[in-house]
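Owing to the predicted nature of the structure, the values given are computational and were not obtained by experimental measurement. Protein chains get the first letters and strands the later ones, always in sequence-line order, with residue 1 at the start of each.
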2 protein chains.
Amino acid sequence: MSEPTESSRPLRVVVADDQAAVREPLAAVLGLAEDIDVVAAAADGNGVLDAVAAGPVDVVLMDLRMPVLDGIETTRRLSDEHPGVAVVVLTTFADDDSILAALSAGARGYLTKNAGRQDIVRAIRAAAAGQSVLDREVQDRLLATVRARPTASGQQLPADLTPREREVLTLIGQGLPNRAIAEKLFVSEATVKTHINNLFAKAGIRDRADAVRRAIAAGLA
Amino acid sequence: MSEPTESSRPLRVVVADDQAAVREPLAAVLGLAEDIDVVAAAADGNGVLDAVAAGPVDVVLMDLRMPVLDGIETTRRLSDEHPGVAVVVLTTFADDDSILAALSAGARGYLTKNAGRQDIVRAIRAAAAGQSVLDREVQDRLLATVRARPTASGQQLPADLTPREREVLTLIGQGLPNRAIAEKLFVSEATVKTHINNLFAKAGIRDRADAVRRAIAAGLA
DNA sequence: CCCGGGTTCCACCCGTGGGTCCAGGTGTCG
DNA sequence: CGACACCTGGACCCACGGGTGGAACCCGGG
């Protein structure tokens, strides 16, 4: 999972924050670490995507509140299109919604802005190594959310669903109409309907609303 | 949250694993790091508690499967009686139950045994600094669990919904078609449709599938 | 007293969803 | 090779869902 020495080559890091007063000193202080190269500083999500497209990037240190394209959506796109790039969120906001949204979008770390320089550096290194670093209060909140619901943990779906059918069910669970599902899977709407009919029959699902509930209950969505 | 320099004084670490073949080399290799002192090695939970009672300890690296007193229970007692001691779990098992139990008991990190030396060292440092380090797959599982039963607290619905509209949304969330909702509320289907149109507009809900998701997320269903 | 929000209902339109039947192409396995 | 499962697609039908416009009733408050 990691090499014998901490720094085989410097980590290429992008710093994203809409406030220059935060972004610039942050980039400067991170650059002091020998194993970290701040290769770009962005003021919004588009800047991040541009920087990642321009050259190899290991870790993005991301603020959530940014104009045009916010941190959540940027994280989502990164984990879609550049899964090799790790995202560490650094924000003042640590409410449940933000935490869940960021981690669900694929963030590998979540720090609040009272984290110190060493905390941030450590989180960057961990994220680059495939680990995930959370502030203490963030972990507490995440855990509280988990324990709030005792998890019926249901896999009450029949096992004979084909992979494609599962895939379609997942997208239904996300609320997508058939046309959107068809586009996402690069097939025709007729095919989607076929899959839906088959999986409805197999799983005893009555209609679309029912399918959404089952997909969520099964942890697909 | 942390000091300007990574190691003001060495971290006092206790290694706990029932297998000597794991415990001894682990303790030895961790001691190589300049900022880590392995002050004790324990074969079960009682050994950990003894070591913590004997002298100041910063971090316990804890296996879960141990005789007499297992890692979960030991972690629970530590976070009760010695909340200043951070526990990092290091185990081969990464099933949902173990992860949730360990983190609920107060563990500040959870690594699987394919973590490398650097990963472990990093987790120890982070835990001592009040952060939490999770293996990637552990975070994924934790997140999947959270999303399977989303947010008891989530009331992200607009407040200006009328009682009747809430009621209708709840029934939609249970997968009922309009006719069934009408019968249940002793009104006509036209009335149900009116309520639906109004609440969709207010809450920004696109279609029925979306409504089901929102209802579940809001804890109505 | 009348205004406004909530609830109840009607008629109409039309897009999507759900069901049925069928069929070609692929892959695997006995 | 034939059988079978899976993914793909087209055609058709019709019910349900979602949107619009209107209307009536009750009730509480300005």
Side-chain angles (χ1 to χ4, degrees), chain A residues 80-81 83 154-221, chain B residues 150 154-221:
Chain A
D80 264 4
E81 299 160 22
Q155 279 293 68
Q156 64 273 33
L157 285 176
D160 61 330
L161 289 187
T162 71
R164 206 54 162 173
E165 286 162 356
R166 283 201 136 71
E167 208 167 354
V168 170
L169 180 54
T170 302
L171 294 173
I172 290 181
Q174 288 164 12
L176 301 184
N178 292 344
R179 195 185 338 104
I181 296 176
E183 285 168 9
K184 201 145 198 167
L185 298 182
F186 302 107
V187 298
S188 85
E189 205 174 326
T191 303
V192 174
K193 293 179 96 177
T194 303
H195 288 314
I196 289 178
N197 275 310
N198 291 336
L199 81 87
F200 277 18
K202 282 184 191 172
I205 297 175
R206 275 179 295 284
D207 51 27
R208 182 157 284 248
D210 198 17
V212 173
R213 298 175 57 237
R214 298 284 295 272
I216 293 176
L220 291 182
Chain B
Q155 282 291 67
Q156 64 272 35
L157 285 176
D160 61 330
L161 290 188
T162 71
R164 205 55 162 174
E165 285 163 357
R166 282 201 138 72
E167 207 169 354
V168 170
L169 179 54
T170 302
L171 294 173
I172 289 180
Q174 289 164 11
L176 302 184
N178 291 346
R179 198 185 330 105
I181 296 176
E183 286 167 9
K184 204 147 197 164
L185 297 181
F186 303 106
V187 297
S188 85
E189 203 174 329
T191 303
V192 174
K193 293 177 93 176
T194 303
H195 289 315
I196 290 179
N197 273 310
N198 291 335
L199 81 87
F200 276 19
K202 283 184 192 172
I205 297 175
R206 277 179 296 283
D207 51 29
R208 183 157 284 250
D210 198 17
V212 173
R213 299 176 56 235
R214 298 283 294 274
I216 294 176
L220 291 183

Shortest side-chain distance from [X], nucleotide among [options]:
X	options	result
A/Phe200	D/dG18, C/dT7, C/dG18	C/dG18
A/Lys193	D/dT8, C/dT8, C/dG18	C/dG18
A/Arg164	C/dC10, D/dC7, D/dC6	D/dC7
A/Val187	D/dG9, C/dT7, C/dG17	D/dG9
B/Arg179	D/dT8, D/dC16, C/dG6	D/dC16
B/Ser188	C/dC9, D/dC7, D/dG10	C/dC9

N or O in side chain of A/Asn178 less than 4.0 angstrom from C/dG17 OP1/OP2: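 Answer yes for this pair, as a side-chain N or O of A/Asn178 is under 4.0 Å from OP1 or OP2.
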I need the [atom1]-[atom2] distance between [X] and [N], as an integer number of Å.
X	N	atom1	atom2	value
A/Asn197	D/dC12	CG	C1'	13 Å
A/Asp210	C/dG18	CG	P	10 Å
A/Phe186	D/dC7	CZ	P	17 Å
A/Asp207	D/dC14	CG	C1'	16 Å
A/His195	D/dG10	NE2	P	13 Å
B/Ile181	D/dG18	CD1	C1'	13 Å
A/Leu199	D/dC6	CG	C1'	14 Å
B/Leu161	C/dG6	CG	C1'	13 Å

Side chain proximity check, A/Leu185 to A/Arg164, heavy atoms < 4.5 angstrom: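 Yes. Closest side-chain heavy atoms under 4.5 Å.
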Test item: B/Lys202 and B/Thr162 side chains (from C-beta on) under 4.5 Å apart, heavy atoms: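 Yes; the side chains approach each other to less than 4.5 Å.
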Atom pair CG (B/Leu176) and CZ (A/Arg206), whose distance is rounded to the nearest 0.5 Å: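 Spacing of CG (B/Leu176) from CZ (A/Arg206) equals 8.5 Å.
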CG-CG distance between B/Asn198 and B/Leu161, expressed to the nearest 0.5 angstrom: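 If I round to the nearest 0.5 Å, the distance is 10.0 Å.
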Sugar-phosphate, base or nothing in reach of A/Asn198, heavy atoms under 4.0 Å: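 Touches nothing.
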Sugar-phosphate only, base, or nothing, as touched by A/Thr191 at under 4.0 Å among non-hydrogen atoms: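 Base, at least one base heavy atom under 4.0 Å.
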Presence of donor-acceptor pair under 3.5 Å, side chain of B/Thr194 and base of C/dC9: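 Yes, the side chain and the base share a sub-3.5 Å donor-acceptor pair.
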Shortest non-hydrogen contact from B/Ala215 toward B/Gly173: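 Closest approach of B/Ala215 to B/Gly173: CB-CA, 3.8 Å.
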